[in-house]
Amino acid sequence: MRPVDVNALDVASATKKFFSRVLPIMLVMLVCNQLNRSNIGYAQEHLQADVGIGAAAYGFGAGLFFIAYAIFELPSNMMMEKFGAKVWLARIMVSWGFIAFLMSFVQNETMFYVLRFLLGAAEAGFFPAVIFYFSRWVPAGQRGRATALFIAGSSIAAAISGPVAGGLLTLDDALGLHGWQWLFGIEGILSIVVGIIVFFLLDSKIADARWLSAAEKTALSATIDAEDATHTVKDGAKVNRWKMLLNPQILVLCLIYFSIQLSIYANTFWLPSIVRQIPGTTDLSVGFLSSIPWVCAVIAMYFAGKLQDKARSKRPLLVVALLVAAGGTYAAAVASPVLALVFLAVAAMGFKSASPLFWTIPQSGLHPMVLAPAIAIINSLGNLGGFVAPFGFGIIKEQTGSVIPGLFGLAAVSVLAAVLVYFLRERQRPTPEIAEETAPAGKLRESHA
C-alpha cells in the first residue's frame with residue numbers, strides 16, 4: 001500500500017499533454033524566428049557585393065534590430081497580458097514575417113537600417129511572452145525542461161539555417177533574383193504562414209484548452225496558483241509592481257543575460273565570416289560547417305536540461321556553462337581556422353546551455369505580479385548585447401581585418417558573468433522528501449503498489 005496524490009497525477013497528465021501538443025508549436029515558431037534573425041549572417045558577403053553594405057554598416061544594421069527590440073519589448077509584453085498569448089504571438093509572427101520578406105528588396109544602407117529596426121519592433125515581446133506563457137501553464141519543477149527544450153529550438157534553427165541558407169543562395173539569378181533575395185523572401189513567407197496557423201492552434205488560458213479534461217484543468221490551475229501564492233507578501237502588504245522592478249536583482253539578471261546574448265549573437269552574425277577563413281569553402285560548405293557548433297549546442301542543452309530539473313540550485317550549473325563558453329571562445333581566438341571552429345562548438349555548448357539555465361532563476365525567484373514586465377526588461381536590456389556584438393565586431397573587423405580581438409572580449413565578459421551569478425538570490429526547490437511530508441493529506445488516497 002502506498003499513497004497516491006490524485007492531484008499530482010492530473011497535473012502530470014496535463015503537463016505531459018502540454019509538452020506533446022503546445023511545445024512543438026512553440027518550437028516551430030522559434031525556428032522561424034531564428035531563421036529570420038540569422039539569415040543576414042549568410043547574406044553578408046552578397047549584400048556587400050550587390051548592395052554595397054560594408055562590414056561596419058552590416059554590423060550596425062544587424063544590431064539596430066535589438067535597439068528596436070529593447071524599445072518595444074516592455075510595451076509589447078504588456079499588450080500580450082491584455083490580449084492573451086494566442087492573439088499576440090500570432091500578431092508578432094505575421095508582422096515580423098512580412099518585414100523579413102521586405103528585406104528581399106533592400107537597395108541601400110538606409111533601407112537596410114530601416115527594415116532591421118522595423119523587424120526588431122515587430123518581433124519585440126516574442127521570447128518573454130513565451131517564457132511568461134510557460135509560467136502560466138507549466139509547474140515550476142518542469143519549467144526548466146520546457147525552457148531548455150524551447151531554447152534548443154534556436155540551436156536547431158541555427159543548425160539548419162546554414163544548409164537552408166546555402167541552398168537558397170545557390171538560386172542566384174533564378175527568375176532574375178539574387179540568392180539573398182530568395183533567402184529573405186522564402187523565410188519571411190514561412191513565418192507569415194506559421195503565424196496564421198498558430199492563431200488557430202494556440203490557447204491563451206488553461207481554461208480554454210479543449211485537449212485537457214476538467215480534472216486536469218482544475219489540478220493544473222490550482223498548482224500554478226499555489227506556486228504563485230508562495231510569493232504572497234506577508235501581512236497583506238500592498239504590492240507596488242513598479243517599485244519591485246527597481247530590485248537590484250533585476251539589474252544583476254540583466255547584466256548576466258547581456259553577456260550571454262553577446263556570445264550568442266556574435267556567433268549568430270559572424271560565425272559564417274569566421275568559417276569562410278577555412279581554405280576552399282563555398283556558400284554551401286560554409287552553411288554546413290556553420291551548423292556544427294549549433295548541433296553540438298543542441299546536444300549539450302539536452303543534457304543540461306536533464307540536470308537542471310534535478311538540481312535544487314541552478315547557479316552552479318550556470319557558472320559552469322559560462323566558464324565553458326569563456327574557455328571555448330578564448331581557445332578559438334588563438335587557434336587556426338579549422339580548430340577555431342572546433343573551439344567555437346565548445347563555446348556554443350556553454351553559452352547556449354547558459355540561456356535556459358538562466359531563465360529558470362527569474363521564473364522561480366520573482367513575484368508573479370512583476371514577472372511579465374521583469375522578464376521583458378531583462379530580455380530587452382540583455383538583448384542589447386545583440387546590438388553591441390555585431391556592431392562591435394563589425395568595427396573591429398573593418399579596423400583590423402579580423403574578429404579575433406572581439407573573441408578575447410567575449411571570453412572576458414563570460415568570466416565576469418560567471419562571477420555575477422553568485423550575487424543572485426534563488427528560491428530553491430524542496431527535496432522530494434520534504435515535498436512528500438508537506439503534501440496536503442486530503443489529496444492522498446491509498447492504492448495497491
Side-chain angles (χ1 to χ4, degrees), residues 24-51 58 62 65 93-94 96-106 115-116 119 122-123 126 149-175 177-198 264-276 278 281-299 301 341 344-345 348 352 386 390:
I25 298 173
M26 299 291 191
L27 288 174
V28 171
M29 294 168 69
L30 186 62
V31 167
C32 293
N33 171 260
Q34 294 299 310
L35 286 175
N36 283 297
R37 278 194 178 192
S38 63
N39 53 21
I40 64 169
Y42 299 96
Q44 179 196 354
E45 302 290 332
H46 301 278
L47 288 172
Q48 183 171 0
D50 298 333
V51 186
Y58 162 78
F65 170 97
M93 281 207 72
V94 171
W96 96 47
F98 177 70
I99 296 170
F101 172 77
L102 293 180
M103 284 287 295
S104 60
F105 300 98
V106 167
L115 287 177
R116 286 294 298 176
L119 185 62
E123 188 187 318
F126 172 68
L149 289 172
F150 174 69
I151 295 178
S154 65
S155 294
I156 294 172
I160 67 175
S161 65
V164 170
L168 291 174
L169 287 172
T170 62
L171 295 176
D172 198 43
D173 288 334
L175 300 180
L177 298 174
H178 295 293
W180 57 269
Q181 291 179 302
W182 284 105
L183 175 63
F184 291 138
I186 290 178
E187 292 185 354
I189 291 173
L190 175 63
S191 291
I192 295 173
V193 173
V194 171
I196 294 172
I197 294 174
V198 161
I264 290 175
Y265 287 110
N267 282 270
T268 296
F269 295 127
W270 289 99
L271 179 60
S273 176
I274 295 173
V275 172
R276 287 184 192 277
I278 299 176
T281 53
T282 63
D283 282 333
L284 196 57
S285 62
V286 165
F288 277 98
L289 290 173
S290 296
S291 70
I292 293 175
W294 308 114
V295 171
C296 293
V298 171
I299 297 172
M301 291 171 71
L341 179 60
L344 286 175
K352 288 298 290 185

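The shown structure was predicted, so the numbers you read here are calculated from the model rather than taken from an experiment. For reference, positions follow the sequence shown, starting with 1.
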Peer 1: If I take atom CE from residue M103 and atom CG from residue L183, how far apart are they, to the nearest 0.5 angstrom?
Peer 2: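 Going from the CE atom of M103 to the CG atom of L183 covers 9.5 Å.
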Peer 1: Of all heavy-atom pairs between I25 and V198, which one has the smallest distance, and what is that distance?
Peer 2: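 Closest heavy-atom pair between I25 and V198: CG2-CG2, 4.0 Å.
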Peer 1: Dump the intermediate steps for side-chain contact (heavy atoms from CB on, under 4.5 Å) on L190 and I186, then the final yes or no.
Peer 2: CA-CA 6 Å; L190 175 63; I186 290 178; 5.6 Å; no
Peer 1: Not counting sequence neighbours, which residues clear side-chain contact (heavy atoms from CB on, under 4.5 Å) with L30? List them please.
Peer 2: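 So L30 forms a side-chain contact (heavy atoms from CB on, under 4.5 Å) with N33, Q34, F126, F150, S154.
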Peer 1: Between S291 and P163, which heavy-atom pair has the shortest distance, and what is it?
Peer 2: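 Heavy-atom minimum between the residues: CB-CD, 4.2 Å.
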Peer 1: Quick one: do I99 and L115 satisfy side-chain contact (heavy atoms from CB on, under 4.5 Å)? Show the steps, please.
Peer 2: CA-CA 7 Å; I99 296 170; L115 287 177; 4.3 Å; yes
Peer 1: Check for a donor-acceptor pair, side chain of R116 on one end and backbone N or O of A62 on the other, with a separation under 3.5 Å.
Peer 2: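 A pair under 3.5 Å: yes.
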Peer 1: For F288, what residues pass the ring-ring contact (aromatic ring centres under 6.0 Å, His included) criterion, not counting sequence neighbours?
Peer 2: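 For F288, no residue satisfies ring-ring contact (aromatic ring centres under 6.0 Å, His included) once neighbours in sequence are set aside.
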Peer 1: So F184 and L168, side-chain contact (heavy atoms from CB on, under 4.5 Å) or not? Walk me through it.
Peer 2: CA-CA 9 Å; F184 291 138; L168 291 174; over 6 Å; no
Peer 1: The criterion is side-chain contact (heavy atoms from CB on, under 4.5 Å); which residues satisfy it with S285, sequence neighbours excluded?
Peer 2: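 S285: side-chain contact (heavy atoms from CB on, under 4.5 Å) contacts with T281, T282.
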Peer 1: Measure the CG-CZ distance between L289 and R276 for me, rounded to the nearest 0.5 Å.
Peer 2: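 The CG atom of L289 sits 11.0 Å away from the CZ atom of R276.
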Peer 1: Sorted by first residue and then second, give each side-chain hydrogen bond (donor to acceptor under 3.5 Å, both in side chains) pair with at least one member in residues 179-197; sequence neighbours left out.
Peer 2: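 Of all non-adjacent pairs touching residues 179-197, those that pass side-chain hydrogen bond (donor to acceptor under 3.5 Å, both in side chains) are N36-S191, N39-E187, D50-W180, W96-S191.
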Peer 1: Does any non-hydrogen side-chain atom of I160 lie less than 4.5 Å from one of V31?
Peer 2: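 Yes. Closest side-chain heavy atoms under 4.5 Å.
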Peer 1: So, taking the atom named NZ in K352 and the one named CH2 in W294, what distance separates them when rounded to the nearest 0.5 Å?
Peer 2: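 Rounded to the nearest 0.5 Å, the NZ-CH2 separation comes to 6.0 Å.
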Peer 1: If I take atom CG from residue L47 and atom CD1 from residue I40, how far apart are they, to the nearest 0.5 angstrom?
Peer 2: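 The CG atom of L47 sits 8.0 Å away from the CD1 atom of I40.
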Peer 1: Using every non-hydrogen atom in the two residues, find where L119 and A100 come nearest and quote the distance to one decimal.
Peer 2: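 That would be CD1-N, 4.0 Å.
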